[in-house]
Each structure stands twice: as structure tokens, then as C-alpha cells.
Amino acid sequence: KTAASILSLGSAHRAWTAPAMPNDDLGLDLGLETTFLFRRGLLDQGNETAIVPRIIPVPRLWGSWDLPREFQVSGSFAPGMFFDGITTAGAGVQWAFHRSPELNSVFSALLDYTFADAFGDLRSNTFGASAQVSRDLGVWQPYAGAGLQMGWASVRPELADSGVKAGSYLRSDFHFYFGARVDLMA
């Protein structure tokens, strides 16, 4: 259950694009992002012969497309075979429901889905709903959000100890996040 919750809730795609600075020409943004999974006692669940770093980065390629009526769709992909064995694919939609020119801020609502696979051993499906605020400060746009995530995860049955259910485990949590989008002029 611990490993499943770390994977499903820690590797979720967020339709986090800071919509304060729209791209008027194509409406398409491409980039690279990373999330960080914290092992949070993961080694205590096994026989302690594995080596797991304290912080596991999950780098991803992402893109978002501006749609009419203040909507954006986004997607991300982490090819686990190139880095750490954690593969994720996610999609989301974001709606900027309020723009405040005097505060130079945008308030938005987000929905997202992520599939994650760790080494072929753990698999999860995660759904999320969040509210976010972002601010345009020129080249960078900080953002912060909060919401609810629900993840279903399972482990390969042959890896589970005798008497241990292999899944599917349901986990839901409130989450808070923050970050910044940095635009590189290209």
C-alpha cells in the first residue's frame, strides 16, 4: 500500500500550465518538467536489500494547447526506459475562469488523469481535481494550487508476500502544490 500510494499520488500529471501568458501565435507550449517522489519509508516495507534514493526525480515531456473560451488541454509523458524505470502518461484540462488584470493573476480549475508504471511491478491510475492561481511576472509565472487526488494502484501478484493482497488499493488525499513556469525565449 505504501509503494502504491507513493507511485500513484506522487507521479500524477498536473494540467498546471500557468495560463497568465497566452501564446497568441500557435497556442501551443512545449516543455520539460520534473516531479520528485520521496521514498517516505518505502525501504521499511521490504527486506531492506534494495537501494532506493531518498528523492526520485521523474522527468517528463509535456505540452499544452490553448482552446477557445479560456480552456487548455495538456499532456505529459515520462519514458521510464530512458531514466529511472518509472513511466507515466497523463492528460488534463484547465479552465481559466477568472482573470484579474489589476493583480496580474489568473484563477483556474483543473482535471487530470495519469497512468504510471514502475519497473513493470507497480501500476496506478490517478484522477485529480484542483483549483489554482498563477501570476504573470514576465518571463516566469509562479503558481500554487490545491485539490483532491484519487489513485488506484496494484502490484504484480507474484511480488506480494503470502497473505498480502496485490491490489487494487484506493488512496485519496488532499494535495497542495506550487512551482513556477519559466519561459525561454526561442
Side-chain angles (χ1 to χ4, degrees), residues 1-18 29-65 72-94 110-130 132 143-182:
K1 287 182 180 179
T2 301
S5 70
I6 290 171
L7 175 67
S8 65
L9 300 181
S11 62
H13 167 80
R14 289 175 185 74
W16 56 262
T17 305
D29 292 314
L30 300 173
L32 179 66
E33 72 160 349
T34 190
T35 56
F36 298 94
L37 303 178
F38 298 91
R39 71 176 179 207
R40 296 189 323 236
L42 184 60
L43 291 177
D44 299 338
Q45 307 302 314
N47 61 10
E48 299 184 17
T49 59
I51 298 171
V52 178
R54 185 175 306 272
I55 300 172
I56 306 165
V58 182
R60 293 187 259 213
L61 303 170
W62 67 265
S64 70
W65 192 282
Q72 289 180 324
V73 293
S74 62
S76 65
F77 177 65
M81 65 267 191
F82 294 136
F83 185 64
D84 57 8
I86 299 175
T87 300
T88 67
V93 63
Q94 181 173 10
L110 305 92
L111 295 173
D112 58 77
Y113 165 77
T114 307
F115 169 78
D117 179 283
F119 312 104
D121 298 333
L122 290 168
R123 293 185 177 201
S124 73
N125 295 283
T126 307
F127 296 91
S130 305
Q132 175 180 290
Y143 58 86
L148 176 67
Q149 284 185 313
M150 295 182 299
W152 290 266
S154 61
V155 65
R156 253 186 359 189
E158 58 270 18
L159 295 177
D161 201 1
S162 62
V164 175
K165 182 181 168 192
S168 194
Y169 296 106
L170 171 62
R171 176 80 190 254
S172 61
D173 278 327
F174 287 103
H175 70 106
F176 302 95
Y177 62 93
F178 62 92
R181 170 179 154 171
V182 179

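Remember, it's a predicted structure, so these values are computed and weren't measured experimentally. Computed over heavy atoms, backbone and side chain alike; hydrogens, waters and symmetry mates excluded.
- Here the CG-OG distance, from Asp112 to Ser76, works out to 9.0 Å after rounding to the nearest 0.5 Å.
- Pro59 and Ala78 get closest at one heavy-atom pair: O-CB, 3.3 Å.
- Qualifying side chain to side chain contact (heavy atoms under 4.5 Å, CB included) partners for Phe178, counting only residues two or more places apart in sequence or in other chains: Ala144.
- Gln149 has its side chain out of reach of Asp173: every pair of non-hydrogen atoms, C-beta onward, lies at least 4.5 Å apart.
- Across every non-hydrogen atom of Tyr177 and Ala146, the tightest pair is CE2-N, 4.0 Å.
- Taken from CG in Leu122 to OG in Ser154, the straight-line distance is 8.0 Å, to the nearest 0.5 Å.
- Residues Thr87 and Phe77 form a side-chain contact, since some pair of their non-hydrogen atoms from C-beta on lies under 4.5 Å apart.
- Rounded to the nearest 0.5 Å, atoms CD (Gln94) and OG (Ser64) are 8.0 Å apart.
- The two residues Leu148 and His175 have their closest heavy-atom pair at N-CD2, 4.0 Å.
- Phe115 is linked by a ring-ring contact (aromatic ring centres under 6.0 Å, His included) to nothing, counting only residues two or more places apart in sequence or in another chain.
- Annotation for Tyr143 and Ala180: closest pair CE2-N, 3.3 Å, computed over non-hydrogen atoms.
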